[in-house]
Amino acid sequence: MQNKNYYITTPIYYPSAKPHMGHAYSSIVADVFARFKRLDGYKVFFLTGTDEHGQKIENAAKKNKKNPKDFCDEISKTFKDLTKILNLTNDDFIRTTEKRHSEAVKNLWNKLHKNGDIYLSKYKGWYSVSDEAYYNEDEVIDKDGKKISILSNSIVEWVEEESFFFKLSKWQNKLLEFYNQNPNFILPKSRKNEVISFVKSGLKDLSISRKSFSWGIKVPNDKKHVIYVWLDALTNYISALNYPDTQSSLFKNFWPADLHLIGKDILRFHAIYWPAFLLSADILPPKRVYGHGWILSGEEKMSKSKGNILDPIEIIKKYGIDQLRYYLVKEVSFGNDGNISTESIESCINSDLANNFGNFCQRTLSFAEKNCNNQVPKNYNFLEEDNELLNSFSLNLSKIRKDIDNQNLNEYIKFIIARSFDSNKYFNDSAPWSQKEKLERLNTIIYVSLEVIRKLSILLFPIIPQSAEKSLKSLNVSVSKISLESINNHEFLTKGGSLNNQGILFKKIINK
Ligand code: MSP
């Protein structure tokens with residue numbers, strides 16, 4: 001039998017400053033996938049949270065004259081609050097300062113140690129606190145008298161200290177074998193090639209403890225060391241499933257994860273270090289790591305250190321949460337970088353939401369109100385053009401499922417836009433207003449249009465849940481009862497059922 005469980009995660013965010021649009025983007029997209037899979041009958045576990053240890057956080061707390069835990073409590077709360085504001089359906093929110101997490105990390109450490117993959121030595125090399133990452137000599141260049149990473153442009157510093165190491169080099173061939181056997185482990189394809197060539201170029205053992213600061217989980221049996229924050233952070237994906245209790249129903253049902261959705265900046269950690277740690281600990285690696293692009297502001301990645309932040313909360317206050325969710329999914333080609341601006345959000349709201357889907361709902365419902373007694377028509381008879389429109393949904397259902405399983409979000413939204421466009425064209429071409437003498441035809445056009453509103457609303461639900469709920473309410477369809485499968489049914493709506501027009505779905509933005 002097909003496994004109907006689905007485990008999806010976002011990265012856990014650094015609470016070094018309040019959330020910005022880049023964070024909102026990762027979370028919203030993950031929520032779209034989670035909602036889609038639930039709609040398709042899956043039992044979904046959707047995890048997000050905050051990554052609270054390490055030097056970056058310790059420094060940020062110092063700068064704010066707070067102790068690290070108080071500082072994290074405060075900022076982690078803004079991330080947790082954001083899950084509500086973004087209308088996320090996460091099932092858990094993990095903080096790495098929780099006991100359930102630190103116990104899991106210590107346990108994993110002990111397991112790696114027991115399996116002979118940890119040894120004590122000395123680290124000598126470059127480290128970026130901002131990325132919490134070690135860089136090789138050939139990944140660092142001079143810029144304005146400073147050393148920076150060529151991958152992230154962040155400043156690196158020279159570190160020489162005693163450190164525990166993980167025998168990453170030992171796992172190089174096993175990893176290459178794993179990529180080979182699981183060709184879709186890393187998506188999109190272009191990023192997979194980057195990772196494979198990095199692994200092929202030779203993996204060095206990885207420093208997995210630091211001694212020069214104290215904010216982190218202490219190494220079991222050597223309290224002078226704190227565990228490297230990435231080993232700590234990555235473990236969140238299993239600590240939230242009750243690891244080390246691998247017999248717990250959460251772990252058994254949901255591990256290995258179906259999808260770690262991350263930004264492309266943290267691919268190396270997820271696609272190399274994480275599966276290596278897991279293989280070493282005799283745990284199956286996740287099924288998929290998808291590295292999406294960056295939200296840019298101008299030409300640059302949006303980030304706090306660059307000071308080019310668009311605040312998601314401000315945008316939501318101005319335009320609405322569904323508007324933002326739709327805009328990010330539509331405007332940023334998934335997998336690539338994307339520029340966003342207030343001008344383009346306004347034109348997206350007007351052209352896609354108000355003039356396309358919103359207009360179709362409004363014209364159909366107002367027409368039915370005036371000409372069909374505000375009821376779902378009873379007498380109808382589908383003609384070829386009606387079947388064509390209705391079937392254009394059902395015939396594509398397996399493709400839609402496949403697109404989502406391959407994180408082909410661009411195809412999914414393209415499909416919805418094309419069908420909304422076709423629906424408006426169908427309404428125009430069928431011209432129900434000219435069929436007042438032929439009531440069966442008029443009723444058929446309205447029945448078909450109402451069915452299409454239902455189908456479009458179901459497909460849009462993962463992206464714009466509040467508005468889709470509203471349009472379904474207009475049809476008297478309860479959102480708790482909708483399923484993707486019901487798109488195949490062209491006569492779902494009860495004949496003679498009353499309609500309940502909820503009014504305009506999306507206000508047009510008019511700039512005076
Ligand atoms: N704490 C680590 C992740 C640990 S996961 C085990 C981290 N945190 S972060 O807060 O710096 O960034 C987390 C994620 O936020 C990025 O991977 C990416 O998914 C998202 N984004 C942050 N800035 C972004 C943009 N400007 N654009 C799109 N997403 C970006 O890295």
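Small disclaimer: the values here were computed from a predicted structure and weren't measured. Hydrogens, waters and symmetry mates are skipped; everything else that's a heavy atom, side chains included, is used. For ligands, and for the atoms within them, numbers begin at 1 and follow the listed sequence.
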Residue-level breakdown please: for [X] versus ligand 1, do any non-hydrogen atoms fall below 4.0 Å on the side chain, on the backbone, on both, or on neither?
X      : result
His20  : side chain
Leu261 : neither
Phe269 : neither
Ile266 : side chain

Which atoms from ligand 1 have a heavy atom of [X] less than 4.0 Å away?
X      : result
Gly293 : 28 (C)
Ser26  : 18 (C), 19 (O), 20 (C)
Ile262 : 19 (O)
Asp51  : 1 (N), 2 (C), 4 (C)
Ala233 : 6 (C)
His23  : 10 (O), 15 (O), 22 (C)

Practice problem: Can you figure out which of Thr96, Ile12, Val229 has its heavy atom closest to atom 2 (C) of ligand 1? | Solution: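 Closest candidate by heavy-atom distance is Ile12.
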N or O pair under 3.5 Å between [X] and ligand 1:
X      : answer
His270 : no
Gly263 : yes
Tyr13  : no
Tyr237 : no
Ile295 : yes

Heavy-atom donor-acceptor pair, [X] side chain to [Y] backbone, under 3.5 Å:
X      : Y      : answer
His270 : Leu267 : no
Asn107 : Pro244 : no
Asn90  : Phe46  : no
Glu139 : Leu151 : no
Asp322 : Ser467 : yes

Quiz item: Just checking, is any N or O donor in the side chain of Tyr127 or Ser207 under 3.5 Å from an acceptor N or O on the other one?
Solution: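 Checked: Tyr127/Ser207 side chains show no N/O donor-acceptor pair below 3.5 Å.
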Practice problem: Answer yes if the side chains of Ser128 and Ser154 hold a donor-acceptor pair under 3.5 Å, and no otherwise. | Solution: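 Side chains of Ser128 and Ser154: pair found under 3.5 Å.
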Exercise. Locate the shortest heavy-atom distance separating Asp51 from Ala233; write the atom from each residue and the value.
Key: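 Here Asp51 and Ala233 meet closest at OD2-CB, 3.4 Å.
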Below 4.0 Å from ligand 1: does a non-hydrogen atom of [X] turn up there or not?
X      : result
Lys264 : no
Ser16  : no
His292 : yes

So, is the end of the [X] side chain (NZ or CZ) under 6.0 Å from the ring centre of [Y] and within 45° of the ring's axis?
X      : Y      : result
Arg35  : Phe461 : yes
Arg419 : Phe357 : no
Lys264 : Trp294 : yes
Arg210 : Tyr228 : no

